[in-house]
Amino acid sequence: MNPADQTATGEPYDYLIVGAGFAGSVLAERLHAAGKRVLIVERREHIGGNAYDTYDDAGVLIHPYGPHIFHTNSADVFGYLSRFTEWRPYEHRVLASVEGQLVPMPINLDTVNALYGLNLTSFELESFFASRAEPVEQVRTSEDVVVSKVGRDLYRKFFQGYTRKQWGLDPSELDASVTARVPTRTTRDDRYFTDTYQAMPKHGYTRLFQNLLRGIPVLVNTDYREVIGVIPHRHLIYTGPVDAFFDHCYGRLPYRSLRFQHETHPTEQFQPTGTVNYPNDYAYTRVSEFKHITGQEHAQTSVVYEFPQAEGDPYYPVPRPENAELYRRYEALARARTDVTFVGRLATYRYYNMDQVVAQALATARRLLQPEAPLTAPGAAAT
């Protein structure tokens, strides 16, 4: 039954969900599995949100909104998503272009030895970091985090320029959480992530979302504001920007956006790893090559350059105290709306990894369905 047929019966949807990214799609699947009538409204022309992938003109599978690498420590999240996709094991590795060398990022034993022409052991590297670390009485900013661990030289080589490009602000102006996300290692472990589960959907993210949403009606190319008054529903689930929902009544919440420059090259490989960071050179922050990430075999290869910018689609909440305070005002409005549930990155003004969004959506579904019967038991993985 399509949405028009459903509303023609006069019976409302139990849930109208705004957004077909991970938050909206996981909630839709869980609620649908519990026997609820669900409709998703998506402003873009496709499902999957920023995780959407597709084949470019050369036939290379790309991520139009930049590389999305799946990793999680949650057995529950990985098990849940495994119902809708097979996986290809993949551990992401990143190199940084620093002083004419490509060195591992996060900083590890090989990074320091290559940059400084040393032959340190892991034990000696701990002393190396300690000798260069600058005491910080109270760690408040992203600069504080780095210089208090590894000193100012490595801070300048790897973090200061990258952060200025990424955020349009100096690390001294940003919350400590920004650089705290990137560890420093004393071993030779060159994996970007160390999570228990690291894999990519074997047939791509779009196929995963198609399996998630099987049997659930989705209206794409549709602004929810244009239909909310004509589609009967009992409850709204909103995954868009929370300030936009309230018509920016307190002002706009600041975000950083990205411009993506996609290129295809007539060679099997463009660079040695999935991503190369450029902390100090060029206007872009990083270049990612999709075939490393997806495992696709193809005579050509496609890459994407990422250029941070102030305007455009909202990608990264800007972590500063005044922005957190502004969000709290919107959060108070959101909490007062018993007819709406706010879920996901944009609706809660937080930078979540994909697995965190899935976990939040699963928890929200359980809360919405209580004290009703448990959801259906997991089945076999879809293909």
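Hydrogens, waters and symmetry mates play no part in the numbers below; they use all other heavy atoms, side chains included.
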Student: Under the side-chain hydrogen bond (donor to acceptor under 3.5 Å, both in side chains) test against Ser288, which residue among Thr275, Thr273, Asn277 passes?
Tutor: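 Among the candidates, only Thr275 passes.
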Student: Please determine whether ring-ring contact (aromatic ring centres under 6.0 Å, His included) holds for the pair His292 and Tyr192, giving the CA-CA distance in whole Å, both sets of side-chain angles, and the decisive distance to 0.1 Å.
Tutor: CA-CA 14 Å; His292 288 286; Tyr192 197 73; over 10 Å; no
Student: Which residues pass the ring-ring contact (aromatic ring centres under 6.0 Å, His included) test with Tyr90, not counting sequence neighbours?
Tutor: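 In terms of ring-ring contact (aromatic ring centres under 6.0 Å, His included), with neighbours along the sequence ignored, Tyr90 is linked to His92.
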Student: Can you list everything that forms a side chain to side chain contact (heavy atoms under 4.5 Å, CB included) with Ser127? Sequence neighbours excluded, please.
Tutor: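 Here no residue qualifies.
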Student: Calculate, to the nearest 0.5 Å, the distance between atoms OH and CG belonging to Tyr284 and Leu258 respectively.
Tutor: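 Taking OH in Tyr284 and CG in Leu258, the distance rounds to 15.0 Å.
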Student: Are Leu154 and Leu95 joined in one hydrophobic group, where the rule is that I, L, V, M, F, W and Y side chains link up if heavy atoms are under 4.5 Å apart?
Tutor: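 Not linked; separate clusters.
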Student: Does Arg43 count as lying over the ring of Tyr224, i.e. NZ or CZ under 6.0 Å from the six-ring centre, within 45 degrees of the axis?
Tutor: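 The answer is no; the distance or angle limit is not met.
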Student: Ignoring hydrogens and angles, tell me if any N or O in the side chain of Asn108 forms a donor-acceptor pair with the backbone of Asp189 under 3.5 Å.
Tutor: yes
Student: Using ring centroids (six-membered ring only for Trp), state whether Tyr282 and Tyr305 fall under 6.0 Å.
Tutor: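 No.
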Student: For Tyr13 and Ile40, indicate whether the former's side chain and the latter's backbone hold a donor-acceptor pair under 3.5 Å.
Tutor: no
Student: Answer yes or no: is there a donor N or O on one side and an acceptor on the other, between the side chain of Ser25 and the main chain of Ala20, under 3.5 Å?
Tutor: yes
Student: List, by chain and number, the other hydrophobic cluster members for Phe123, where Ile, Leu, Val, Met, Phe, Trp and Tyr join if side-chain heavy atoms come within less than 4.5 Å, directly or indirectly.
Tutor: none
Student: Are any side-chain N or O atoms of Asp14 and backbone N or O atoms of Arg37, one a donor and one an acceptor, separated by less than 3.5 Å?
Tutor: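 Side chain of Asp14 to backbone of Arg37, a donor-acceptor pair under 3.5 Å: yes, one is there.
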Student: Quickly, which of Phe193, Phe22, Trp87, Tyr205 forms a ring-ring contact (aromatic ring centres under 6.0 Å, His included) with Phe70? Name it, please.
Tutor: Trp87
Student: For Val145, is there any backbone N or O sitting under 3.5 Å from a side-chain donor or acceptor partner on Ser148?
Tutor: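 Confirmed, Ser148 side chain pairs with Val145 backbone.
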